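Model, not experiment: these values are computed from the prediction. We number each residue from 1, following the sequence as shown.
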Amino acid sequence: MDKQNLKMGFAPVYDENSKILILGSFPSVKSREISFYYGNKQNRFWKTVCACFNVSVPETTVGKIEFLLNRRIALWDIVAKCKVKGSADSSIEVLETADLSMIFDTAKIEKVLLNGGLAYKLFEKAYGEYCLDKGIEYKKLSSTSPANPRFSKEEWEKELNDLR
């Protein structure tokens, strides 16, 4: 495998109080430009998650981090680094999966929500058995990407309801 020129993902957002871990696949071009998760304003992630708690989307990265931590939500991507063209998951290749042990060892994660099909597929392959052994529920949700016509806000609300 050619591992030269791999793009790096972001550091995880979590603390010891995190109960739900949300995993995407890999940051989009717009997210990489601003160096934080879900930077494309057309992506439904921030609008959806904030609406579940009846709050406005924070304007700053610090505000978004505070929002997540105050609601016991951890956020990361399952792909730590990869070769990627543009933002499409289908263009991701030569990837390295994130080592989630630091989150699982620090926080009492009860549920993992996977933002889309690739995140689910990679997570299940790398951590599915671990979660089953530890009694950690994991679930594939519809991708919040603007390219996904089958997005369901209702399924996100249902899964985040435990934290309200």
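A donor and an acceptor atom, one from each side chain of Asn40 and Ser28, are nowhere located under 3.5 Å apart. In summary, the side chains of Asp77 and Tyr37 do not present any donor paired with an acceptor at a separation below 3.5 Å, with no hydrogens or angles considered.
With Asn115 as the fixed residue, the side-chain hydrogen bond (donor to acceptor under 3.5 Å, both in side chains) test singles out one of Tyr38, Tyr120, Trp156: Tyr38.
Residues Lys153 and Ala51 share a closest heavy-atom pair of NZ-CB, 3.9 Å. Heavy-atom minimum distance, Ser145 versus Asn43: CA-ND2, 3.7 Å. For the pair Ser152 and Ser142, the tightest heavy-atom approach, listed with the atom from each and the gap, is N-OG, 2.8 Å. When all heavy atoms of Leu113 and Lys111 are compared, the closest pair comes out as CD2-CD, 3.5 Å.
You'll find the side chain of Ile109 stays beyond 4.5 Å of the side chain of Tyr138, heavy atoms only. Within the 4.5 Å cutoff, the side chain of Glu66 has no heavy atoms near those of the Pro58 side chain. Counting heavy atoms from C-beta outward, Arg71 and Leu69 have side chains that stay 4.5 Å or more apart. Side-chain contact between Ile92 and Lys83 is absent, with no heavy-atom pair separated by less than 4.5 Å. Under the 4.5 Å side-chain criterion, counting only non-hydrogen atoms from C-beta, Cys131 is in contact with Phe104. You'll find the side chain of Phe151 stays beyond 4.5 Å of the side chain of Ser143, heavy atoms only. Within the 4.5 Å cutoff, the side chain of Leu122 has heavy atoms near those of the Leu95 side chain. Between Trp76 and Phe10 there is no side-chain heavy-atom pair separated by less than 4.5 Å.
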Does the pair Tyr14 and Met102 meet the rule for a side chain to side chain contact (heavy atoms under 4.5 Å, CB included), with working shown?
-> CA-CA 10 Å; Tyr14 72 102; Met102 70 174 91; 3.7 Å; yes
Stepwise side chain to side chain contact (heavy atoms under 4.5 Å, CB included) check, Leu114 with Val112 | CA-CA 6 Å; Leu114 292 309; Val112 180; 4.0 Å; yes
How far apart are the C-alpha atoms of Tyr130 and Ile136, what are their side-chain angles, what is the distance that settles it, and do they pass the side chain to side chain contact (heavy atoms under 4.5 Å, CB included) test?
-> CA-CA 8 Å; Tyr130 172 87; Ile136 300 170; 4.2 Å; yes
Verdict with supporting geometry, Arg72 and Ile20, side chain to side chain contact (heavy atoms under 4.5 Å, CB included) = CA-CA 7 Å; Arg72 301 183 312 260; Ile20 290 183; over 6 Å; no
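Here CG of Leu160 is found 10.5 Å from CD of Glu155. Values are rounded to the nearest 0.5 Å. Residue Lys85 holds its NZ atom at 10.0 Å from NZ of Lys7, rounded to the nearest 0.5 Å. In this structure, CG on Leu75 lies 10.5 Å from CZ on Phe67, to the nearest 0.5 angstrom. Once rounded to the nearest 0.5 Å, the distance linking CD of Glu124 with CD of Glu129 reads 11.0 Å. Interatomic distance, CD1 of Ile78 versus CD of Glu96, reported as 12.5 Å (0.5 Å rounding). How far CG of Leu23 is from CG of Leu141: 11.0 Å, rounded to the nearest 0.5 Å.
In this structure, the side chain of Ser18 engages the main chain of Asp15 through a donor-acceptor pair within 3.5 Å. Remark: the backbone N or O of Trp46 is not paired with any side-chain donor or acceptor of Lys64 at under 3.5 angstrom. Although no hydrogens or angles enter the test, the distance criterion places a donor-acceptor pair under 3.5 Å between the side chain of Tyr127 and the main chain of Leu100. Under the 3.5 Å distance criterion, the side-chain polar atoms of Ser31 are matched with a main-chain donor or acceptor of Gly39.
Residue Lys81 places its NZ atom among 12 or fewer non-hydrogen atoms of other residues, nucleotides or ligands, all under 6.0 Å distant.
By the criterion of side-chain heavy atoms lying less than 4.5 angstrom apart, applied directly or through intervening Ile, Leu, Val, Met, Phe, Trp or Tyr residues, Met8 is not grouped with Val84; the two fall into different hydrophobic clusters. Cluster membership for Phe53 and Leu21, using ILVMFWY side-chain heavy atoms within less than 4.5 angstrom, is shared. Under a hydrophobic-cluster definition in which Ile, Leu, Val, Met, Phe, Trp and Tyr are linked whenever side-chain heavy atoms come within less than 4.5 Å, directly or via other members, Phe123 and Leu132 are assigned to different clusters.
Salt-bridge annotation for Glu110 and Lys19: present, with a side-chain N of the basic residue lying under 4.0 Å from a carboxylate O of the acidic one.
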